Amino acid sequence: MGSNGSSNGLPDPSSEGLDAGALRQDRDYINIATRSLPAGLVRRVLEAMDERRRGRRAAPARGTGLPDMSAAEMQREIAWRLDTLPPEDAAAIARLVRRLVPHGGQKSPARDDAAQEA
């Protein structure tokens, strides 16, 4: 096995279009960050993943969307889908999750509502 081939003797796919490190980082980020989100936001992430996957299918899916799931079921579904998430989808979903995750210096809308009610 040389630097120009894989263990099966075939040339490795071109690496110019795939950044495996960035793909792994996006997938890991999605997996970890969604664990801290409320169920409604986790569902939004899962719906976005489903929508992107449907766009790649030859025939449109007839489903009406995602079935009702518990928070734990949604987390398992996200973890299962992450292993097959293409690089473009991983980057797009990671951007969505970054927008949904409250950051240290920023207040989340839910916290603002709770503070106003107190």
Side-chain angles (χ1 to χ4, degrees):
M1 173 172 67
S3 61
N4 293 334
S6 64
S7 61
N8 63 7
L10 299 174
D12 288 330
S14 173
S15 62
E16 68 184 60
L18 174 65
D19 182 348
L23 175 60
R24 175 55 47 204
Q25 187 176 14
D26 286 339
R27 288 176 174 176
D28 288 346
Y29 176 77
I30 294 164
N31 188 29
I32 292 166
T34 55
R35 293 173 190 223
S36 66
L37 293 175
L41 295 181
V42 173
R43 185 167 187 84
R44 278 181 58 187
V45 171
L46 199 50
E47 287 170 344
M49 292 172 85
D50 192 53
E51 184 177 315
R52 292 188 70 87
R53 184 171 66 167
R54 269 188 271 139
R56 287 190 308 276
R57 292 183 183 160
R62 291 187 180 157
T64 59
L66 298 172
D68 288 336
M69 291 185 242
S70 70
E73 289 171 322
M74 286 189 286
Q75 282 302 146
R76 281 192 299 272
E77 185 72 14
I78 286 173
W80 178 80
R81 290 180 183 202
L82 283 174
D83 286 338
T84 59
L85 200 61
E88 317 78 52
D89 292 2
I93 299 300
R95 284 191 302 272
L96 170 65
V97 172
R98 284 184 187 94
R99 288 193 307 267
L100 297 175
V101 171
H103 298 286
Q106 299 174 350
K107 294 182 180 180
S108 72
R111 288 185 185 149
D112 287 346
D113 293 342
Q116 290 174 358
E117 292 176 6

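Scope of the values below: all heavy atoms of this structure, side chains included, with no hydrogens, waters or symmetry mates. Note that the coordinates shown come from a computational prediction; the quantities given were computed from them, not determined experimentally.
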Fill in: Verdict with reasoning, Arg81 to Arg53, per side chain to side chain contact (heavy atoms under 4.5 Å, CB included)
CA-CA 10 Å; Arg81 290 180 183 202; Arg53 184 171 66 167; 3.1 Å; yes

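- Note that the CG atom of Asp19 and the CZ atom of Arg24 stand 12.5 Å from one another [nearest 0.5 Å].
- Across every non-hydrogen atom of Pro87 and Leu18, the tightest pair is CG-CD1, 3.5 Å.
- In this structure, Ile32 is not a member of the same hydrophobic cluster as Val97, with clusters built from ILVMFWY side-chain heavy atoms closer than 4.5 Å.
- Across every non-hydrogen atom of Asp26 and Ala94, the tightest pair is OD1-CB, 3.8 Å.
- Contacts of Ser70 classified as side chain to side chain donor-acceptor pair (under 3.5 Å), with partners at least two apart in sequence or in another chain: Glu73.
- Rounded to the nearest 0.5 Å, atoms CG (Leu82) and CD1 (Ile78) are 7.0 Å apart.
- Every residue two or more places apart in sequence or in another chain that forms a salt bridge (Lys or Arg N to Asp or Glu O under 4.0 Å) with Glu47 is listed here: Arg43.
- In this structure, Val101 and Ala33 approach most closely via the heavy-atom pair CG2-CB, 3.9 Å.
- Shown here for Leu100 and Leu37, the closest heavy-atom pair between the two residues is O-CD2, 3.9 Å.
- In this structure, Thr34 and Val42 approach most closely via the heavy-atom pair O-CG2, 3.3 Å.
- Under the salt bridge (Lys or Arg N to Asp or Glu O under 4.0 Å) criterion, Asp89 pairs with Arg52, Arg56, sequence neighbours left out.
- Shortest non-hydrogen contact noted between Ile93 and Ala48 is CD1-CB, 3.7 Å.
- Note that the CD atom of Glu77 and the CG atom of Leu66 stand 7.5 Å from one another [nearest 0.5 Å].
- Remark: the backbone N or O of Asn31 is paired with a side-chain donor or acceptor of Arg35 at under 3.5 angstrom.
- Separating the CG atom in Leu23 from the CG atom in Asp28 is a distance of 9.5 Å, to the nearest 0.5 Å.
- Atoms CG and CZ, on Leu85 and Arg27 in that order, are 6.0 Å from each other to the nearest 0.5 Å.
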